[in-house]
Engineer: 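Can you keep this structure in mind? I'll have questions shortly.
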Amino acid sequence: MNYKIALIRGDGIGPEIVDEAVGVINRVGEKFGHTFIYVDVLLGGCATDAVGKSYPDGTAEICKSCDAVLLGAVGGPKWGSDKPAEQRPETALLAIRKDLGLYANLRPAALRPALAEACPLKKETAEKGIDLMMVRELTGGVYFGKRDRYETPDRGVECTDLMAYSEMEIERIGRRAFEMARLRRNKVSSVDKANVLETSRLWRSVMHRLAKEYPDVAYEDVLVDNCAMQLVRDPGQFDVVVTENMFGDILSDEASMITGSIGLLPSASMGDTAPALYEPIHGSAPDIAGQDKANPIATILSVAMMFRYSFHLAQEADAVERAVDKALADGWRTADIAKPGESIVGTRQMGQIIRDNI
Ligand code: IPM
Ligand code: MG
C-alpha cells in the first residue's frame with residue numbers, strides 16, 4: 001500500500017524528532033512492504049519567519065490531501081503572546097485542529113515497564129501500574145469561544161472568554177470515549193465541574209444518556225478538582241478519562257508527568273474523516289533545539305498510533321512499540337529519562353537503535 005503523510009516539522013526540537021520518526025516509518029516500510037510518501041507542510045513559528053504568518057494559506061488543503069499528518073512541535077519564546085495572533089504558533093495549532101475537524105484528542109499515559117522507577121509517585125502507587133487514556137475534546141469550549149476586551153468605567157479593562165458546548169459536540173466525544181473503553185478495560189470516567197458550570201451540567205446529562213447505551217462499560221462522574229487529586233493519589237483507578245478541552249489540557253499534562261517522562265508520550269487527534277494528526281505531547285523545547293539531545297520516543301510512538309488508527313496496520317504499530325520497549329529495556333536513555341550515572345544517547349542514536357530493533 002501507498003500512504004501519503006504530511007510532515008509538520010515545526011519549531012525547536014520539532015525537525016530533529018520528526019527526522020527520527022520518518023526514519024522509523026521508512027524502516028517499517030522496508031520491513032512490511034509499504035511505501036510512504038511525504039509532503040512537507042510549513043506551520044508554526046518557522047512559518048511566521050518564512051512567510052509572515054504561522055498558518056499559511058492552503059495549509060489545511062495540503063493536509064487534507066494526505067492520509068495522515070505528523071507534527072513535531074511548534075512554538076517558542078521568539079513568537080510570544082506579545083505578537084499578533086496570526087504570527088503566534090498556538091494560533092496555527094488551534095486553526096489546524098478546527099479546520100481538520102479534529103475534535104477527539106487521545107492522550108495515552110502509561111508507565112512503560114522499563115521506566116517504572118521514573119514514576120514520581122510512591123512506590124506502592126507505581127507498582128499498581130498506570131495505563132490510562134485521556135480523551136480530550138479538542139475543537140470546542142473556551143478555546144474557541146467568543147472573546148472580548150473592553151473598558152469599564154470603574155474597574156479598568158475587563159475581558160471575557162466564552163465557554164460553549166452543544167449536545168452534538170459532547171455526544172460525539174462521549175461516543176469516542178465509550179468505544180475506546182470497549183477496546184481497553186471497559187471503564188469511562190467523565191470529568192466535569194457540574195457543581196458550578198452549566199456547560200458541565202449539559203456534559204454530564206449527555207454522558208449519562210450515552211452510558212445507558214453502553215451498559216457493558218462502567219461509568220463514573222468525577223469533578224475536575226477531584227480528578228486532579230486522584231491522578232496523583234491512585235492513577236491506577238482510571239481507564240478512559242473523557243473531558244472538555246481546557247480540563248483535558250491541564251489534566252493531560254498532569255497525567256503525563258506521573259508516568260515519569262513527558263518525552264515518551266504520543267497523541268492522536270482525530271475527527272470523523274481522515275486525515276488524523278499525530279504528535280508528541282511535549283513542546284518544542286527551544287533550550288535544547290539543534291543539540292541532538294531531544295528524546296524522539298514520543299514522536300516515534302505517535303507514529304505507532306498513526307499506523308494503528310489511520311492505516312489500520314496493527315502489526316506495524318506493535319513492531320514500533322516493541323522496538324521502543326526493547327531500546328528502553330536494553331538500558332538506552334536520552335538525557336531526560338536518564339538517572340544519574342546512566343550513559344546517555346542523543347536523538348539520532350536513539351532513533352537508530354529503535355530502527356535496528358524493528
Ligand atoms: C496542548 C498545548 C496547546 C493546547 C497549546 C500550545 C495551544 O498545550 O496541545 O496541550 O493548549 O491545546
Ligand atoms: Mg497542553
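Computed from a predicted structure; not experimentally measured. Heavy atoms only: backbone and side chains are in, while hydrogens, waters and symmetry mates are out. Atoms within each ligand, like the ligands themselves, are counted from 1 in listed order.
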Engineer: Should one rank Leu71, Ile281, Asp249 by closest heavy-atom distance to atom 10 (O) of ligand 1, which comes out on top?
Structural biologist: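 Heavy atom nearest to atom 10 (O) of ligand 1 belongs to Asp249.
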Engineer: For this output row, return yes or no: ring centroids of Tyr219 and His208 closer than 6.0 angstrom.
Structural biologist: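 Between Tyr219 and His208, the centre distance is under 6.0 Å.
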Engineer: Mind checking whether Val242 and Ile173 have side chains closer than 4.5 Å, heavy atoms only?
Structural biologist: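 With C-beta onward as the side chain, the pair touches.
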Engineer: Just by modelled atom types, is the Phe36 backbone N or O under 3.5 Å from a matching donor or acceptor in the Asn2 side chain?
Structural biologist: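 Pair absent, no side-chain N/O of Asn2 close to backbone of Phe36.
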Engineer: Looking only at N, O or S atoms, find the one in Asp249 nearest to the Mg ion (ligand 2) and name it.
Structural biologist: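 Nearest to the Mg ion (ligand 2) within Asp249's N, O and S set: OD1.
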Engineer: Just jot down the ligand 1 atoms closer than 4.0 angstrom to any heavy atom of Arg136, in number order.
Structural biologist: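 So the atoms of ligand 1 that pass are 1 (C), 4 (C), 9 (O), 10 (O), 11 (O), 12 (O).
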Engineer: For residues Tyr143 and Glu137, determine if any side-chain heavy atom of one lies less than 4.5 Å from a side-chain heavy atom of the other.
Structural biologist: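 Side-chain contact under 4.5 Å: no.
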Engineer: Evaluating non-hydrogen atoms only, which member of Arg97, Arg88, His282 is closest to atom 9 (O) of ligand 1?
Structural biologist: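 Ranked by closest heavy atom to atom 9 (O) of ligand 1, first place is Arg97.
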Engineer: Is there a side-chain contact between Ile354 and Ile297 in this structure, where contact means two heavy atoms from C-beta onward sitting under 4.5 Å apart?
Structural biologist: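 When only atoms from C-beta onward are counted, Ile297 and Ile354 do touch, with a gap below 4.5 Å.
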Engineer: Students should be able to answer this: which protein heavy-atom is nearest to atom 11 (O) of ligand 1, and at what distance?
Structural biologist: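 The protein heavy atom lying closest is Tyr143 OH, 2.5 Å.
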Engineer: Considering non-hydrogen atoms of the protein only, which is the closest contact for atom 1 (C) of ligand 1, and what is the distance?
Structural biologist: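 The closest one turns out to be Arg107 NH2, 3.3 Å.
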Engineer: Using a 3.5 Å cut-off on N or O atoms only, is Glu90 in polar contact with ligand 1?
Structural biologist: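 No - when backbone and side-chain N and O of Glu90 are compared with those of ligand 1, no distance drops under 3.5 Å.
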Engineer: What part of Glu279, side chain, backbone, both or neither, has a heavy atom within less than 4.0 angstrom of ligand 1?
Structural biologist: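 It is neither part, as no heavy atom is under 4.0 Å.
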Engineer: Please confirm whether Tyr3 and Phe307 have ring centers closer than 6.0 angstrom.
Structural biologist: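 Tyr3 vs Phe307: aromatic centres not under 6.0 Å.
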